[in-house]
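I'd like to ask some things about the structure below.
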Amino acid sequence: MNDEQARHDEQARSRARQPQGVAAEPLLRLAGVQKSFGAVHALRGVDLTVPSAAVTALVGDNGAGKSVTVKVVAGTHLPDEGQMFWEGRPVHPRTPREAAALGIEVVYQDLALCDNLDVVQNMFLGREAVKRGFLDEDAMECSAMRTLAELQVTTIQSVRLPVASLSGGQRQSVAVAKAVMWNSKLVILDEPTAALGVAQTRQVLELVRRLAERGLGVVIISHNLTDVFAVADRIAVMRLGRVVSEGPASGTDVQTVVELMTTGNARAA
Amino acid sequence: MTPDTAASDAPGTAAAIAATPRRVAGAGGTNVLPVLIGVAVIAIIFQSLNDRFLSTGNLVNLFVQASVFMLIGMGEVFVLLLGEIDLSLGYVAGIGGVIVTELVQVRTGWPWWSAILMALLVTGAIGFLQGSLITRLRLPSFVVTLAGLLGWQGVMIILLGTGGTIPIPNATINAIANGSIAPLGGWVLAAAVVIVYAAVTLGSDAQRRAAGIAAPSPATTALKVLSVAAAALAIALLTNADRGVGPYSLRGMPYVLPLVFAVLLVWSVVLTRTRFGRYVYAIGGNAEAARRAGIALGWVRTLAFTCAGMTAGLGGIVYASRLRSMSTSFDGGTIVLYVVATAVIGGTSLFGGRGHPLHAVLGGVVIAAIVNGMALLGLSAAIQLIATAVVLLASIFVDVVIRRRGAAG
């Protein structure tokens with residue numbers, strides 16, 4: 001079953017690669033996704049497109065449905081209705097594991113790091129390299145250092161420092177590096193700059209840009225529109241469980257986005 | 001803690017950690033230096049009050065006294081690392097001791113090794129049962145193991161029957177805590193430990209250099225190997241010196257010493273070099289992060305409780321061996337409290353995620369030194385209890401301060 005799935009994935013991948021350049025399928029597309037929790041109709045038909053090699057910002061007021069959308073993509077919630085297309089192929093990840101197998105990783109706001117473990121141990125948590133029954137620390141350390149170097153995360157002095165001793169920006173960088181080191185294709189960042197100061201926010205936003213430059217699809221959820229406009233290629237605005245506007249960041253401005261978030265309509269530009 | 005002190009503390013801590021990254025990882029995130037200094041201070045105080053304290057006979061005796069606490073304490077470390085507690089380990093140890101005692105009786109006639117295996121099997125199963133209740137039914141470990149503390153005492157009394165005290169007729173079992181290896185054997189063992197340690201350390205350093213990652217400097221490695229060699233030499237000299245009384249000569253390493261070190265070695269490797277051990281630390285550090293990483297929390301927790309029960313069972317066997325008998329006066333309630341104190345004094349955190357079996361061994365030395373030293377001075381049990389309480393408070397104080405500093409940094 002798993003092998004079959006993997007082969008299927010591989011075929012899908014090669015299919016997706018072939019038509020590149022022309023009208024290639026986007027990395028991820030949601031069509032009419034609905035989700036209710038009891039009486040609460042959280043998602044009322046979400047249509048969203050996430051391309052590769054670009055940063056898509058998902059913005060909206062509290063309760064607009066950003067987090068639920070992310071959790072549907074990440075396999076935490078099953079949608080009640082609607083379709084999810086991964087590289088053009090319909091998929092239904094039922095668990096975070098299945099989503100991760102597709103190449104979808106989420107960095108949640110709380111980062112999910114173990115303070116008592118060091119950088120390497122955190123980056124490999126749950127997927128440790130093992131040699132002859134024992135942890136292969138050297139291989140993991142090399143691989144972690146390589147990933148951090150590729151992402152140009154240079155502020156961490158030693159990958160053997162416990163995460164507790166790192167700054168907020170460094171912790172965010174470790175969480176992001178952990179997400180991208182598993183051949184992931186889509187990284188979703190939930191409020192990555194919410195708890196950070198000015199300099200650290202800039203560090204993290206630069207890291208987000210580098211992810212897109214490496215060809216990954218990046219979705220960033222943020223309340224901070226300054227950050228969004230600094231980093232995003234595309235902006236999708238959510239309101240009351242729907243995406244009310246979706247398009248290139250260059251075609252809009254802060255005021256329009258705020259109006260879309262609050263009223264669902266924009267004045268004619 | 002004010003932001004000012006946090007800021008001034010953090011760089012110092014970070015620098016100290018950066019200087020010894022391998023040791024920090026190896027010892028579960030804490031430095032064992034404070035407890036070593038504590039041991040030295042205690043030794044100096046007692047030696048100045050009574051010059052018999054540092055005599056060979058007393059030191060060997062002290063270690064044998066401590067070994068029961070060390071072994072059960074190494075079991076407790078597994079559970080403390082998860083951020084849980086096991087109050088039943090004292091009586092689980094009692095069950096282990098009783099099973100061996102009963103099975104080697106003349107009428108049952110089991111060979112010593114199968115009796116020990118059976119005891120470990122049963123105590124492991126008890127840990128598994130309690131761990132399952134805690135993880136599957138989501139019951140608090142404090143209550144489940146408190147029930148264990150009461151229940152297993154009852155079972156132990158039933159197993160012992162109305163006799164009260166049952167002597168152990170098996171020489172091998174009695175020799176665990178009372179017998180000694182011939183001096184030559186002790187020397188060979190000590191030398192072997194040093195050679196293996198040096199080979200492993202140098203090998204790992206060479207491997208890291210070959211892989212192009214930072215390895216400890218040759219000076220650091222030399223220092224480590226030399227200190228292990230010095231410790232092994234000291235232990236071999238100490239245990240092989242004549243500690244007999246009057247005309248009776250007594251020399252050699254007690255069997256329980258290599259036993260404790262073997263358990264320490266095995267559990268250290270399991271906790272720091274295997275996936276299971278890594279997950280024990282991860283769950284204690286951030287259970288939610290471990291769950292999201294796909295770790296089967298229930299199984300890891302249950303297995304940790306199983307290891308704890310089994311290690312406690314071994315401690316109980318050593319206890320029975322030392323007394324050459326098992327009796328209903330076995331006080332597992334007091335023992336388990338000492339055992340938790342042992343681990344915490346050594347540097348294992350009560351809040352989970354930080355700890356190492358070595359802490360139980362060092363904490364065991366501290367507790368045994370206090371009890372032993374005060375007994376030498378002829379101080380009452382009341383004073384001993386108060387002194388132990390003060391040391392325990394001091395160590396939990398250190399634990400909480402380290403935790404706060406970690407959160408602030």
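From a predicted model like this one, the values you see are computed outputs, not experimental measurements. We name chains A, B, ... by the order of the sequence lines, and we start the count at 1 in each one.
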Using the side-chain contact (heavy atoms from CB on, under 4.5 Å) criterion, which residues pair with A:R202? Sequence neighbours excluded.
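With sequence neighbours excluded, A:R202 shows a side-chain contact (heavy atoms from CB on, under 4.5 Å) to A:E206, given in chain and number order.
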For B:A282 and A:L125 the tightest heavy-atom approach is CB-CD1, 3.6 Å
Which one of A:V159, A:V130, A:L113, A:V163 has the most heavy-atom pairs closer than 4.5 Å to chain B?
A:L113
State which residues pass ring pair (Phe, Tyr, Trp, His ring centres under 6.0 Å) with B:Y279; sequence neighbours excluded, sorted by chain then number.
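B:Y279 satisfies ring pair (Phe, Tyr, Trp, His ring centres under 6.0 Å) with no other residue.
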Does B:R278 reach the main-chain N or O of A:Q121 with its side chain, forming a donor-acceptor pair under 3.5 Å?
no
Heavy-atom count around B:R209 CZ within 6.0 Å, excluding the residue itself: above 12?
yes
Is there a side-chain contact between A:D110 and B:R292 in this structure, where contact means two heavy atoms from C-beta onward sitting under 4.5 Å apart?
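A side-chain contact exists here, since the closest heavy-atom pair is under 4.5 Å.
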Heavy atoms of other groups near B:W299 CH2, more than 12 under 6.0 Å
no
If every non-hydrogen atom of B:R275 is compared with every non-hydrogen atom of A:E128, which pair is closest and at what distance?
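Closest approach of B:R275 to A:E128: NH2-O, 3.0 Å.
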Surrounding CZ of A:F37 (heavy atoms of other residues, nucleotides or ligands, distance under 6.0 Å), is the total greater than 12?
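More than 12 within 6.0 Å, yes.
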Filter on ring-ring contact (aromatic ring centres under 6.0 Å, His included), then keep only pairs touching residues 203-224 of chain B, sequence neighbours left out; what's left?
none
Taking all non-hydrogen atoms of both residues into account, name the closest pair between B:A211 and A:C142 and its distance.
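In this case the closest contact between B:A211 and A:C142 is O-SG, 3.5 Å.
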Of the non-hydrogen atoms in B:V269 and A:F134, which two are nearest, and what is the gap between them?
CG1-CE2, 3.4 Å
How would you list, in number order, the residues of residues 64-77 of chain A that have a heavy atom less than 4.5 Å from chain B?
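The list, in residue order, is empty: none.
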What closest approach, in Å, do B:Y281 and A:N116 show between heavy atoms, and which atom pair accounts for it?
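So the minimum-distance heavy-atom pair works out to O-ND2, 2.9 Å.
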For the student: nearest non-hydrogen atoms of B:T274 and A:L135, plus distance:
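What the structure gives for the nearest pair is O-CD1, 3.5 Å.
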